[in-house]
*Asks:* 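I'd like to ask you about the structure that follows.
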Amino acid sequence: MAQLKAISPCSSLNLSVHVPKSDLMLCNDNVSFSKKSALFQELGARNSELQGGAVVSNKGNGLRVHCNKGIQAVLSHDKATEVFEATKTKGLRGKLNKVVLAYSGGLDTSVIVPWLRENYGCEVVCFTADVGQGVGELEGLEQKAKASGACQLVVKDLQEEFVRDFIFPCLRAGAIYERKYLLGTSMARPVIAKAMVDVAKEVGADAVAHGCTGKGNDQVRFELTFFALNPELNVVAPWREWDITGREDAIEYAKKHNVPVPVTKKSIYSRDRNLWHLSHEGDILEDPAKEPKEDMYMMSTSPEAAPDKPEYVEIGIVSGLPVSVNGVKLSPASLLSKLNEIGGKHGIGRIDMVENRLVGMKSRGVYETPGGTILFTAVRELESLTLDRETMQVKDSLALKYAELVYAGRWFDPLRESMDAFMEEITEKTSGSVRLKLYKGSVSVASRTSPNSLYREDISSFESGQIYDQADAAGFIRLYGLPMRVRAMLEKGI
């Protein structure tokens, strides 16, 4: 029989309960008892709720709860939360207490949940980051996660943080990987991984897991962030460990473990979407000789089908970062969303490239980045007014390294952070307005103005002026060309 003393929400409690193991179920930081257990009647606990987090251990036939902030008992009307026996014992590959899994709700991550529990005897907390992939991607995730055996689902809206702290620094730096790629997926992975580390701390997890394959870049981006922010966390990458080799194997594993198989239509493309871009890989794109099909695109209209009349858009910029569209100040995420809508309508931002993956192989991808393409053009055009030649050349050379670091997952590398401080400093005066013309897939500049412009009409004019005397050019050319003249004299024996 249980002995229960009255407690306050912040009191410390030792509660010994003798109950058959078949009636005992644990999940996350909640203590739940089977509807059929006589303990419900003994304690009258069906609707009780004591707020706080609990650390639970099962010793012998008793349940001992050590609680610093009380206990939260979550009881549904007709259902109790199930926990596999594997969470109480060592799994097939070892023992972890609690794992935070990057979760999308698709087949792969749904299968990873029971696989983690079976192989590591752990509780699984699913984590989903909202980085602007679309509302439809988040619907029904909690039910899917729990049906797969997860203890809870944590969803965090990271859109503003993503744009403000990850996209905008890359924009300010002018970071473009291999001449074309605007780093959409590369920037999203560290913000997601950073949030996973935070969630792991919040729920008391000792490990994190992701569903990246062993052939791609994302595994590196996730894990380098984990290493940088919490080197004590264990990292589990099922695709590098399990025997599942494809979709059919995953479906079979799901059925074996009573995991509902997501009934979504399998796309022929591998896609990644966030507020910055949409990437496409796979199917016919694996052959660089084949042109992408028009029905593949989702964020942008075909340039041929775009409006026949151009649209002008004005971007306000302060210290190298965009702050307004057509005179209306917007938050970072709202500003990008607005430009995605405008740019997508005009077929802006489509690129098709063969890139060098970090792991060594080449891959072909097609990217849609309408708003990002507009912003890159606007910032670059304003810099033509505010940066001198030497500064611009150094900035452009560092932008290549900056992009390489981001692509390689080294967002929290001290070198990138130091380069970012440099970029922030030299773009301090890059403020003003740029007006762009959007027409059938193209972006061209219509006007640029800045209170800090280094352009002087009175100096640049072909008319003579007091500051620049054209006669001075003769002496400048003689001195500037002296090394070439001396070499020619040597070759001619002069």
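Here the structure is a predicted model, which is why all the values come from computation and not from measurement.
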*Asks:* If you measure from CG on Leu438 to CD1 on Ile374, what distance do you get to the nearest 0.5 Å?
*Replies:*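 Here the rounded value is 5.0 Å.
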
*Asks:* So does Arg410 have more than 12 non-hydrogen atoms from other groups sitting under 6.0 Å from CZ?
*Replies:*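 Open.
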
*Asks:* Around atom NZ of Lys338, are there more than 12 heavy atoms of other residues, nucleotides or ligands at under 6.0 Å?
*Replies:*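 No.
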
*Asks:* Quick one: side-chain contact (heavy atoms from CB on, under 4.5 Å) partners of Ala145, sequence neighbours excluded?
*Replies:* Tyr103, Cys126, Ala150, Leu153

*Asks:* How about Leu275 and Ser337: do any of their side-chain heavy atoms sit closer than 4.5 Å?
*Replies:* yes

*Asks:* Are any of the side-chain nitrogens in Arg350 or Glu291 under 4.0 Å away from the carboxylate oxygens of its partner?
*Replies:*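 So Arg350 does not pair with Glu291 through a salt bridge.
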
*Asks:* Treating Lys98 as the side-chain partner and Val203 as the backbone partner, does any N or O pair qualify as donor plus acceptor under 3.5 Å?
*Replies:*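 Yes, Lys98 side chain to Val203 backbone: donor-acceptor pair under 3.5 Å.
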
*Asks:* Kindly state each residue pair satisfying salt bridge (Lys or Arg N to Asp or Glu O under 4.0 Å) with at least one member in residues 231-246, sequence neighbours excluded.
*Replies:*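 Pairs touching residues 231-246 that pass the test: Arg93-Glu241, Glu223-Arg240.
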
*Asks:* Please check this pair: side chain of Glu160 against backbone of Ala333, looking for a donor-acceptor N/O pair closer than 3.5 Å.
*Replies:* yes

*Asks:* Can you list every ring pair (Phe, Tyr, Trp, His ring centres under 6.0 Å) pair that touches residues 196-216, not counting sequence neighbours?
*Replies:* His210-Phe222

*Asks:* For Trp411, is the NZ or CZ atom of Arg221 found under 6.0 angstrom from the centre of its six-membered ring and inside 45 degrees of the ring axis?
*Replies:*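 Geometry flag: not set, cation outside 6.0 Å or 45°.
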
*Asks:* Under the side-chain hydrogen bond (donor to acceptor under 3.5 Å, both in side chains) test, which residues partner Asp352, sequence neighbours left out?
*Replies:* Arg364

*Asks:* Without placing hydrogens or testing angles, list every side-chain donor-acceptor pair under 3.5 Å for residues 166-179, not counting sequence neighbours.
*Replies:*
| from | atom 1 | to | atom 2 | distance (Å) |
| --- | --- | --- | --- | --- |
| Arg172 | NH2 | Asp420 | OD2 | 3.4 |
| Tyr177 | OH | Asn356 | O | 2.7 |
| Glu178 | OE1 | Asn356 | N | 3.0 |
| Glu178 | OE2 | Asn356 | ND2 | 2.8 |

*Asks:* Could you tell me whether the side chain of Thr301 and the main chain of Ala306 form a donor-acceptor pair under 3.5 Å?
*Replies:* no

*Asks:* Looking at Asp198 and Lys201, is there a salt bridge between them, counting it only when a charged N and a carboxylate O are closer than 4.0 Å?
*Replies:* no

*Asks:* Going by salt bridge (Lys or Arg N to Asp or Glu O under 4.0 Å), name the pairs with one or both residues in residues 103-116, residues two or more places apart or in two chains.
*Replies:* none

*Asks:* For Val236, is there any backbone N or O sitting under 3.5 Å from a side-chain donor or acceptor partner on Asn234?
*Replies:* no

*Asks:* Are any side-chain N or O atoms of Asn217 and backbone N or O atoms of Arg357, one a donor and one an acceptor, separated by less than 3.5 Å?
*Replies:* no

*Asks:* Would you confirm whether Asn274, through its side chain, and Gly184, through its main-chain N or O, come within 3.5 Å as a donor-acceptor pair?
*Replies:* yes

*Asks:* Tell me the salt bridge (Lys or Arg N to Asp or Glu O under 4.0 Å) pairs involving residues 208-217, sequence neighbours left out?
*Replies:*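 Listed by first then second residue: nothing to list.
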
*Asks:* Please check: side-chain N/O of Ser300 versus main-chain N/O of Gly344, any donor-acceptor pairing under 3.5 Å?
*Replies:*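 Checked: no pair found.
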
*Asks:* Among residues at least two apart in sequence or on other chains, which ones pass side-chain contact (heavy atoms from CB on, under 4.5 Å) with Asp165?
*Replies:*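 side-chain contact (heavy atoms from CB on, under 4.5 Å) list for Asp165, sorted by chain: Glu161.
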
*Asks:* Check whether more than 12 heavy atoms from other residues, nucleotides or ligands sit under 6.0 Å from atom NZ of Lys156, and answer yes or no.
*Replies:* yes

*Asks:* Quick one: which residue pairs count as a salt bridge (Lys or Arg N to Asp or Glu O under 4.0 Å) with a foot in residues 384-395, not counting sequence neighbours?
*Replies:* Glu383-Lys395

*Asks:* Could you measure the distance from the CD1 atom of Ile348 to the OG atom of Ser442? Nearest 0.5 Å is fine.
*Replies:* 6.0 Å

*Asks:* List in chain and number order the residues that pass ring-ring contact (aromatic ring centres under 6.0 Å, His included) with His277, two or more places apart in sequence or in another chain; answer none if no residue qualifies.
*Replies:*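 Partners of His277 under the ring-ring contact (aromatic ring centres under 6.0 Å, His included) test: Tyr367.
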
*Asks:* So do the side chains of Phe422 and Val394 get within less than 4.5 Å of each other, counting heavy atoms only?
*Replies:*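 A side-chain contact exists here, since the closest heavy-atom pair is under 4.5 Å.
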
*Asks:* Listed by chain and number, what are the side-chain contact (heavy atoms from CB on, under 4.5 Å) partners of Ser384, not counting sequence neighbours?
*Replies:* Glu381, Arg448

*Asks:* For the CE atom of Met187 and the CZ atom of Phe162, what is their distance to the nearest 0.5 Å?
*Replies:* 5.0 Å

*Asks:* Only counting residues at least two apart or in another chain, list the ones meeting side-chain contact (heavy atoms from CB on, under 4.5 Å) with Lys437.
*Replies:* Pro310, Tyr312, Ser444

*Asks:* Under the 3.5 angstrom rule, does the side chain of Lys90 hit a backbone N or O of Lys95 as a donor-acceptor pair?
*Replies:*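 Judged by distance alone, no pair lies under 3.5 Å.
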
